[in-house]
Amino acid sequence: MAKKEVRVGLIGYKFMGKAHSNAYRQVPFFFPDVPCKPVMRAIVGRTESAVKEAMELYGWETYETSWQKLLERDDIDLVDISTPGDTHAEIAIAAAKAKKHIFCEKPLANTIEEARAMLKAVEEAGVIHMINFNYRKCPAVALAKQIIEEGRIGQIYHFRGQYLQDWIVDPSFPLVWRLDKKVAGSGALGDLGAHLIDLARYLVGEITEVVGMWETFVKQRPIPKETGALAAVAGEEMGEVTVDDATLFLARFENGALGSFEATRFAPGHKNYNFFEINGSKGSLRWCFENMNELEFFSREDPPHIQGFRRILATDSSHPYMHAWWPAGHIIGYEHTFVHQVYDLMVAIDKGELPSPNFYDGVKCQEVLAAVEKSIQEKRWVKIEEI
Ligand code: SOE
């Protein structure tokens, strides 16, 4: 029997647009058990020549130069928002009104008000919604969740998260949109910290209060004349950086655990170092995206003479999502995390149930982002319930 089709309209064709396009292509190929088949119906971008080129390169059937046009089409079931944060709320609220399912890039929005309005809109419309916190979908991270749920590390005491990059450490690196508060909402906090917050919520639980600090080390940068994924060519004129280069914060969790978080774009040598360590009464877990297939696990239940961190290569077919890929030991990479998101989304659409993470998780993350910002502005601990 032919599979149900989910006709997708993707808005955005740069870094994330490419990663999402690849995911729609790969899911039916690698996951024969996927219940619905994504159909790459339309891609949207403002610059006609560029969006046409993306359509051809990525394999979309048609293109539009306005997202409003996409929403008017009755041959689109799922709207994928892969644009910067300042556009998410308007598009998502309109897409929900048009009764489209929605897959949205992180962070959900640029403000908590927008994020809450988005959640309200999808709930009222009764559509399926998902947010792209793709690091949850690394098999080793999903395995960490399983190990925690099996009680193998016991009561959790600590979450230690670091997300370190270095792509803007050069002061002559241009003022790209990720450094503009109006477009991106915040800097390292919303771009990188949001992933850590999501991982912390996924693995440990809800955060109740935070206290933070941030810094913008380079305050003026050249305005770009050309931009790519995370690259750009500097122009002559200078402009003001309006976001944080680095943000650090401490947190308390509902279950009594303590958290420390560091998100920075000023850590030379670190390209995409998304790291956490979790310590519990019975053991510890440790993971870093730069070795994304590996999870380290220490168990106090091992006999003392052989205790030590063990390295689990999470590529066996018994590990989450790995039934679809290669024989054990044949590792996977960054793009696969997006394939797993889309796989989960297709399953959710088929069942008519919400996938995880969804807009609710987006709002919970946004509350923490807002609380960190408030704490920095007011120089005090801020409870999440104040947001
Ligand atoms: C840039 O910092 C970036 O591409 C983020 O926007 C992504 O969310 C992260 O996964 C990798 O780094």
Side-chain angles (χ1 to χ4, degrees), residues 11-23 80-88 103-110 115 130-138 140-141 161-170 173-181 183-202 214 216-218 221 224 227-232 241-247 261-276 287-292 332-342 357 361-362 365-366 368-369:
I11 309 168
Y13 53 83
K14 292 205 172 160
F15 183 12
M16 283 306 110
K18 188 170 186 171
H20 289 220
S21 297
N22 177 60
D80 180 326
I81 307 172
S82 284
T83 50
D86 61 335
T87 57
H88 291 186
F103 182 32
C104 187
E105 258 307 321
K106 50 56 66 172
L108 190 56
N110 281 1
M130 189 177 212
I131 180 168
N132 185 44
F133 281 125
N134 56 306
Y135 296 105
R136 282 190 186 204
K137 309 295 175 182
C138 293
V141 174
Q162 292 180 322
Y163 203 144
L164 316 177
Q165 295 185 341
D166 69 357
W167 57 282
I168 60 167
V169 80
D170 178 351
F173 183 86
L175 188 55
V176 293
W177 70 262
R178 279 183 167 81
L179 309 186
D180 180 353
K181 187 173 170 63
V183 184
S186 67
L189 174 62
D191 190 32
L192 307 179
H195 282 300
L196 291 178
I197 293 165
D198 184 65
L199 289 174
R201 289 189 56 251
Y202 176 55
W214 65 16
T216 304
F217 301 113
V218 175
R221 290 181 180 269
T227 55
L230 290 184
V241 177
T242 46
V243 301
D244 52 300
D245 288 331
T247 294
F261 296 73
E262 181 181 11
T264 179
R265 293 164 167 165
F266 273 67
H270 293 291
K271 302 300 168 190
N272 201 32
Y273 188 95
N274 177 358
F275 166 88
F276 64 75
W287 174 83
C288 180
F289 178 72
E290 290 185 348
N291 285 314
M292 64 164 277
I332 60 165
Y334 177 65
E335 69 274 26
H336 298 76
T337 63
F338 295 82
V339 180
H340 300 162
Q341 280 264 161
V342 168
D361 299 288
C365 175
Q366 203 85 39
V368 179
L369 295 174

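One-based numbering, in listed order, for ligands and for the atoms of each.
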Can you say whether the rings of Tyr273 and Phe275 are parallel (under 30°), tilted (30 to 60°) or perpendicular (over 60°)? parallel

Can you give me the closest heavy-atom contact between Gly193 and Ala263, atom names plus distance? N-CB, 3.7 Å

Sorted by chain and number, sequence neighbours left out, ring-ring contact (aromatic ring centres under 6.0 Å, His included) with Phe217 holds for Phe266

Under 3.5 Å, is there a donor-acceptor pair between the side chain of His88 and the main chain of Pro107? yes

Suppose we screen for salt bridge (Lys or Arg N to Asp or Glu O under 4.0 Å). Which residues come up paired with Asp245, at least two apart in sequence or across chains? none

The answer, listing residues by chain and number that come under 4.0 Å of ligand 1 through any heavy atom, is Phe15, Lys106, Tyr135, Tyr163, Gln165, Trp167, Arg178, Asp191, Leu192, His195, Leu230, Asn272

Got a sec, which residues hit ring-ring contact (aromatic ring centres under 6.0 Å, His included) with Trp167, two or more places apart in sequence or on another chain? Phe173

